[in-house]
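Quick notes on the structure that follows.
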Amino acid sequence: MIHHSSMTFTLFIFITLLKLTTADPTHNLTNLFKAVLVFGDSTADSGNNNYISTPFKADHLPYGMNFPGKTPTGRFSNGKLVADFWVSLLGIKQTIPPYLKPNLSHFDIRTGVNFASAGSGYDDITAGVSQVIPISKQLSYFKEYIKKLKNVVGVTEAKTIIQGAMVSLNAGTNDFTISYYGLRTRKDEFAIGEYQDFVLKKVQNYTKELYKLGIRTMVISGLPPMGCLPIQMSSRFTRNCLKEQNFEARIYNHKLKKLLPKIQSSLPGSQIIYADVYTPMREMIQNPRKHGFTQTKVGCCGTGFLEAGPICTPYTPLCSNPSNHLFFDSIHPSEAAYRYITKSLLKQILGYMKKSGRSF
């Protein structure tokens, strides 16, 4: 069953597309990509952590309370994630399944899966803290997936699907909030600028590995305003955003934005797009009522400052309307926030297409 809000959102995006694109009038969003492949952390994980030994799971209510069927799937939100909206908007399917889900259908293998793991990061130390799947291991799963894809559609078609896929890479936040600011694992080893460069080198190496495996189109997310995450504010016993962390996120994003065209120029035929998630998050924080939010400083679950994962449970007090909250728990945006971020990313990608003169 498709919810009215989902239909309204899809219609809005379709209208937005018609207004924004000046490409060939026959251009159709549903023909852009053959599949979507997702790598990253909890903002992208659609349930892989359900199948590994880690306490950091979202396989219980209130997670998923607004997901179709009101089912907790392992998504760290009350509903869908950006990756789910993407596959729907692209006309591929309604949601994207986790790669580790047993007995994936041939259809899901053909049209794309999700390798992301909540708690992960580019730095392997980050994933080790939460006992989750590091980005490097997600690449190993991707290689495994390619073999499965070849078994389903054959070698030639598998190559076509991989080259025609969109890769979404969403990571980095945990590297800073956990490994650098939180446990100080890396802070004693690196100055902040050096750690940014260390993480960016990981990004560069990762994109090159994906390219070697046949990927040509990658959408790589920058950092959000980390200092405005409720859990980060609570670490300083404040209800105000931590300006220095936001400043450092902007510096990292600036470096990433400059790096990606250089990577693209070194990989013939590649299209590597910077995804700005900082700006739409900041917009919702600065103008909440414009976007239907009454609360941006605390999550819907519990006190909203600390509860996430294993401590956001069916027994935790819950806000009356998650769609009024920018955050669902102390770390993760609500479905309503993810919708707005998706709209912003769509504009960015269409802008990239227009500016570069490229077509997908």
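Everything quoted here is computed from the prediction, not taken from an experiment. Residue indices begin at 1 and follow the sequence shown.
- With salt bridges taken as basic N to acidic carboxylate O contacts below 4.0 Å, none links K147 and E144.
- Put simply, OH on Y340 and CZ on F293 are 10.0 Å apart, with the number rounded to the nearest 0.5 Å.
- Between F67 and T95 there is a side-chain heavy-atom pair separated by less than 4.5 Å.
- Hydrophobic clustering, with ILVMFWY side chains joined whenever heavy atoms are under 4.5 angstrom apart, groups V153 together with I215.
- Taking NZ from K70 and CG from N78, the interatomic distance works out to 10.5 Å, rounded to the nearest 0.5 Å.
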| Stepwise, does the side chain to side chain donor-acceptor pair (under 3.5 Å) test hold for Y141 with N48? | CA-CA 11 Å; Y141 281 136; N48 283 307; over 6 Å; no
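- A donor-acceptor pair shorter than 3.5 Å can be found between the side chains of E248 and Y181.
- Within the 4.5 Å cutoff, no side-chain heavy atoms of Q295 are placed close to those of N324.
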| Run the side chain to side chain contact (heavy atoms under 4.5 Å, CB included) check on L200 and Y252 step by step: do they pass? | CA-CA 8 Å; L200 289 167; Y252 171 90; 3.6 Å; yes
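- In this structure the side chain of T43 never reaches within 4.5 angstrom of the side chain of V82, judged on heavy atoms.
- Classified by interplanar angle (parallel below 30°, tilted 30° to 60°, perpendicular above 60°), the ring pair F56/H332 is tilted.
- For NZ of K187, the number of neighbouring non-hydrogen atoms (other residues, nucleotides, ligands) closer than 6.0 Å is greater than 12.
- With values rounded to the nearest 0.5 angstrom, Y145 atom OH is found 7.5 Å from I109 atom CD1.
- Listed for the S46 side chain is a donor-acceptor partner under 3.5 Å among the backbone atoms of I96.
- Each of L37 and V87 belongs to its own hydrophobic cluster when Ile, Leu, Val, Met, Phe, Trp and Tyr are linked at side-chain heavy-atom distances under 4.5 angstrom.
- When side chains are defined from C-beta on, L229 counts as touching F327, because their heavy atoms get closer than 4.5 Å.
- A distance-only check finds a donor-acceptor pair linking the side chain of N114 to the backbone of A44 [under 3.5 Å].
- Not counting sequence neighbours, H325 has no partner by the ring-ring contact (aromatic ring centres under 6.0 Å, His included) test.
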Distance-only donor-acceptor hits, side chain of residues 159-168, under 3.5 Å, sequence neighbours excluded:
| from | atom 1 | to | atom 2 | distance (Å) |
| --- | --- | --- | --- | --- |
| T160 | OG1 | T156 | O | 3.2 |
| S168 | OG | N170 | ND2 | 3.0 |

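- Looking at Y274 and L259, their side chains never come closer than 4.5 Å, going by heavy atoms from C-beta outward.
- S88 and Q94 make their closest contact through OG-OE1, 3.7 Å (heavy atoms, listed as atom of the first residue, atom of the second, distance).
- In this structure, L183 and I178 have side chains that are in contact, with non-hydrogen atoms separated by less than 4.5 Å.
- A pairwise comparison of heavy atoms in Q232 and Q245 identifies NE2-OE1, 3.0 Å as the closest pair.
- Panel note: side chain E307, backbone G304; a donor-acceptor pair is recorded below 3.5 Å.
- Residues D84 and Y338 have side chains that never bring a donor and an acceptor to within less than 3.5 angstrom of each other.
- The closest donor-acceptor contact from the side chain of K80 to the backbone of F85 lies at 3.5 Å or more, if one exists at all.
- Side-chain atoms of K93 come within 3.5 Å of backbone atoms of G112 as a donor-acceptor pair (strictly under, hydrogens ignored).
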| message | Test side chain to side chain contact (heavy atoms under 4.5 Å, CB included) on K148 and Y99; report intermediate values, then the result. | response | CA-CA 11 Å; K148 293 182 180 180; Y99 173 69; 3.2 Å; yes
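- When the SG-SG distance for C301 and C319 is compared with the 2.5 Å cut-off, it comes out at or above that value.
- Closest non-hydrogen pair, C312 versus P62, comes out as SG-CG, 3.6 Å.
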| query | Taking it one step at a time, do V219 and L345 satisfy side chain to side chain contact (heavy atoms under 4.5 Å, CB included)? | reply | CA-CA 9 Å; V219 179; L345 295 180; 5.8 Å; no
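- Residues I349 and M218 fall into different hydrophobic clusters, defined by Ile, Leu, Val, Met, Phe, Trp and Tyr side chains chained together at heavy-atom separations under 4.5 Å.
- Under a hydrophobic clustering in which Ile, Leu, Val, Met, Phe, Trp and Tyr are joined whenever their side-chain heavy atoms come within less than 4.5 Å, directly or via other members, L350 and V277 fall into the same cluster.
- Side chain of N253 to backbone of G222: no donor-acceptor contact under 3.5 angstrom is found.
- L90 contributes atom CG, which lies 13.0 Å from atom NZ of K34 (distance to the nearest 0.5 angstrom).
- Side-chain contact between Y206 and Q138 is present, with heavy atoms from C-beta onward closer than 4.5 Å.
- Contact detail for P134 and S120: the closest heavy-atom pair is CA-OG, 3.3 Å.
- No donor-acceptor pair closer than 3.5 Å links the side chain of E209 to the backbone N or O of L139.
- Closest approach of N49 and A118 over heavy atoms only: ND2-O, 2.9 Å.
- Under the 30°/60° scheme for interplanar angles, the aromatic rings of F115 and F39 are found to lie parallel.
- In this structure, CE in M284 is found 8.5 Å from OG in S344, a value given to the nearest 0.5 Å.
- Listed here is the closest heavy atom pair of P268 and Y211: O-OH, 2.5 Å.
- Put simply, the residue from T73, T71, T313, D329 that forms a side chain to side chain donor-acceptor pair (under 3.5 Å) with Y63 is D329.
- Of the possible donor and acceptor atoms, one in the side chain of S270 sits under 3.5 Å from a partner among the backbone N and O of Q264.
- Screening residues 154-255 for disulfide (SG to SG under 2.5 Å), with sequence neighbours left out, gives C228-C241.
- Taking a 6.0 Å sphere around CG of N103, one finds it holds 12 or fewer heavy atoms contributed by other residues, nucleotides or ligands.
- Around OH of Y315, the count of heavy atoms belonging to other residues, nucleotides or ligands within 6.0 Å does not exceed 12.
- Evaluated for a side-chain contact (heavy atoms from CB on, under 4.5 Å) with I133, the options L100, T54, D41, D45 yield exactly one hit, L100.
- Around the NE2 atom of H106, the shell of radius 6.0 Å holds no more than 12 heavy atoms that belong to other residues, nucleotides or ligands.
- Inter-residue side-chain proximity for S117 and I52 is flagged as met; some heavy-atom pair is nearer than 4.5 Å.
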| request: Check the pair K101 / D108 against salt bridge (Lys or Arg N to Asp or Glu O under 4.0 Å), numbers first and verdict last. | output: CA-CA 11 Å; K101 179 182 177 182; D108 277 329; 5.4 Å; no
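- A salt bridge does not link K202 with D175: every distance from a Lys NZ or Arg NE/NH1/NH2 to an Asp or Glu carboxylate oxygen is 4.0 Å or more.
- No donor-acceptor contact under 3.5 angstrom links the side chains of E283 and T279, judged on distance only.
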| query | Which is it for F176 and I192 under the side chain to side chain contact (heavy atoms under 4.5 Å, CB included) test, yes or no, and what are the steps along the way? | reply | CA-CA 9 Å; F176 291 92; I192 183 62; 3.9 Å; yes
